[in-house]
**Student:** 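Sharing a structure here in structure tokens format.
Computed from a prediction, not measured in an experiment: that's the story for all the values here. Every heavy atom of this structure was used, including side-chain atoms; hydrogens, water molecules and symmetry mates were not.
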Amino acid sequence: MIFILLNSKSNRLFVLISPLLIIALIHIIVTFSNSYFPKYSWVITALLYWGLLGMMISKFVSISIIKDWLKKPRFRKKWLIIGILVGIFPIAGILIPNYTLIIEYPTIAVFVLLFALINPWLEQGYWRGLLLDAGKDFPTWLIILYSSLLFSLSHFFLWGIFSIGNRSLQLLIVLFVMSIVWSIIRFKTNSLRWPLYSHFLVDLGNLSVFVFLNLYVPPSM
């Protein structure tokens, strides 16, 4: 079901080009602010990013549509397993081997949890909800690739300003693949619930704030 505001071609076009505008605006602001407040760049980026994504969702999405996005998923066992595997991969590969960081920096660990509780709602709502719905006139595979490409590049141009780990080609590829998987799950299950759960696990397991502060940089980067 596509909501009334996106029945307008001009509105759909604005939503489709909005990732470019959001990335450009935040990149300029954070590049400047990083020169003066480097320790708080990740906070500034998060607030700007979440604020703009939230603004787009609130402008073009009704409460009923959000409920529709979050309705009980159509059961697809294969995609449920894939979503779980995507979610636990960072926990097994990053969080568990580096658990000493949590012990050494408990306050930062709390921020990691807060980030994981907030970020998936806005990113899934925007990239896999609003943007995919706005691309209803395009082939499904094309709008998935478009959304996934810009999603992965947003990490490079936003978080990569101050985070070494977010400048990695390897990370961009992983994010691109994850976004494709989450998008397919959204279409296969007709819901954003499983992508949300998977995304929460990813943000919890990838030590996000530690990476933003360069307290953890994956060895291959």
Side-chain angles (χ1 to χ4, degrees), residues 15-56 86-87 89-90 93-95 98 108 111-112 115-116 118-132 134-135 142-184 195 198-221:
V15 170
L16 289 172
I17 65 172
S18 65
L20 301 174
L21 302 176
I22 290 172
I23 292 170
L25 177 61
I26 298 177
H27 181 80
I28 293 171
I29 294 174
V30 176
T31 297
F32 176 78
S33 65
N34 189 53
S35 301
Y36 298 95
F37 314 105
K39 291 184 179 180
Y40 302 100
S41 288
W42 75 272
V43 177
I44 296 171
T45 302
L47 293 178
L48 287 171
Y49 184 51
W50 292 340
L52 290 173
L53 297 192
M55 183 178 69
M56 288 295 298
V86 168
F89 175 75
I94 299 177
L95 178 61
N98 296 279
I108 295 177
F111 282 113
V112 171
F115 187 87
I118 298 171
N119 188 59
W121 292 94
L122 291 162
E123 286 204 315
Q124 292 297 333
Y126 178 77
W127 295 104
R128 258 69 63 182
L130 180 61
L131 203 58
L132 294 185
L142 182 58
I143 189 58
I144 287 178
L145 289 180
Y146 176 76
S147 173
S148 298
L149 177 62
L150 291 178
F151 172 73
S152 57
L153 288 177
S154 71
H155 287 72
F156 178 85
F157 286 106
L158 302 185
W159 310 103
I161 294 173
F162 45 84
S163 169
I164 297 172
N166 279 278
R167 301 172 200 156
S168 163
L169 177 61
Q170 176 187 1
L171 176 67
L172 293 180
I173 294 172
V174 170
L175 288 170
F176 181 68
V177 172
M178 282 183 174
S179 182
I180 289 176
V181 171
W182 287 332
S183 298
I184 293 174
S198 179
H199 198 157
F200 167 75
L201 293 175
V202 168
D203 281 349
L204 187 65
N206 65 13
L207 296 175
S208 54
V209 180
F210 288 99
V211 177
F212 298 156
L213 295 172
N214 297 310
L215 292 172
Y216 172 73
V217 178
S220 60
M221 297 178 182

**Student:** Just say parallel, tilted or perpendicular for the rings of W159 and H155, cut-offs at 30° and 60°.
**Tutor:** tilted

**Student:** When you measure from the side chain of Y216 to the backbone N and O of N98, does any donor-acceptor pair fall under 3.5 Å?
**Tutor:** no

**Student:** State, to 0.1 Å, how close V181 and V86 come at their nearest heavy-atom pair, and which atoms those are.
**Tutor:** CG1-CG2, 4.1 Å

**Student:** Counting only heavy atoms not in Y146, do more than 12 fall under 6.0 Å of its OH?
**Tutor:** yes

**Student:** Within the side chain of S152, is there an N or O that forms a donor-acceptor pair under 3.5 Å with the backbone of L149?
**Tutor:** yes

**Student:** Counting distance only, does the side-chain N/O of N214 pair as donor-acceptor with the main-chain N or O of I164 below 3.5 Å?
**Tutor:** yes

**Student:** For the atom pair CG (L122) and CE (M56), what is the distance rounded to the nearest 0.5 Å?
**Tutor:** 13.0 Å

**Student:** For the backbone of H27 and the side chain of T31, can you confirm whether one donor and one acceptor N or O come within less than 3.5 Å of each other?
**Tutor:** yes

**Student:** From R167 CZ over to F162 CZ, what is the distance, rounded to the nearest 0.5 angstrom?
**Tutor:** 9.5 Å

**Student:** Walk me through whether V43 and F111 qualify under side chain to side chain contact (heavy atoms under 4.5 Å, CB included).
**Tutor:** CA-CA 10 Å; V43 177; F111 282 113; over 6 Å; no

**Student:** For L145, is there any backbone N or O sitting under 3.5 Å from a side-chain donor or acceptor partner on S148?
**Tutor:** no

**Student:** Roughly how far, to the nearest 0.5 Å, is CD1 of I108 from CG of L215?
**Tutor:** 5.0 Å

**Student:** Tell me whether the rings of F32 and Y36 are parallel (<30°), tilted (30 to 60°) or perpendicular (>60°).
**Tutor:** tilted

**Student:** Side chain to side chain donor-acceptor pair (under 3.5 Å): which pairs involve residues 41-52, sequence neighbours left out?
**Tutor:** N34-S41, Y49-E123, Y49-W127, W50-N119

**Student:** Which heavy atom of V15 sits nearest to which heavy atom of L131, and what is that distance?
**Tutor:** O-CD1, 3.3 Å

**Student:** A side-chain contact here means heavy atoms from C-beta on lying under 4.5 Å apart; do Y126 and P19 qualify?
**Tutor:** yes

**Student:** Using 0.5 Å steps for rounding, measure from the CD1 atom of I22 to the CD1 atom of I17.
**Tutor:** 10.5 Å

**Student:** May I have the step-by-step check of side chain to side chain contact (heavy atoms under 4.5 Å, CB included) for L21 and L52, ending in yes or no?
**Tutor:** CA-CA 10 Å; L21 302 176; L52 290 173; over 6 Å; no

**Student:** Short question: side chain of S198, backbone of P195 - any donor-acceptor pair under 3.5 Å?
**Tutor:** no

**Student:** Looking only at heavy atoms, what is the nearest atom pair of G87 and L201, with distance?
**Tutor:** O-CB, 3.3 Å

**Student:** I want to check something: taking the side chain as every heavy atom from C-beta on, are I118 and D203 in contact at a cut-off of under 4.5 Å?
**Tutor:** no

**Student:** Whether the side chain of S179 engages the backbone of F176 through a donor-acceptor N/O pair (distance < 3.5 Å, no angle test) should be reported.
**Tutor:** no

**Student:** Could you give the distance from CD1 (I144) to CZ (F151), rounded to the nearest 0.5 Å?
**Tutor:** 14.0 Å

**Student:** Can you name the nearest heavy-atom pair linking P90 to M178, along with the distance?
**Tutor:** CG-CE, 4.2 Å

**Student:** Which residue, I161, L172, V211, forms the side-chain contact (heavy atoms from CB on, under 4.5 Å) with N166?
**Tutor:** V211

**Student:** Tell me the closest heavy-atom pair linking L171 and G165, and the distance in Å.
**Tutor:** CD2-O, 3.4 Å

**Student:** Please find the pair of heavy atoms, one from L204 and one from A116, that lie closest to each other, and give the distance.
**Tutor:** N-CB, 3.8 Å

**Student:** If you round to the nearest 0.5 Å, how far is CG of L158 from CG of L25?
**Tutor:** 10.0 Å

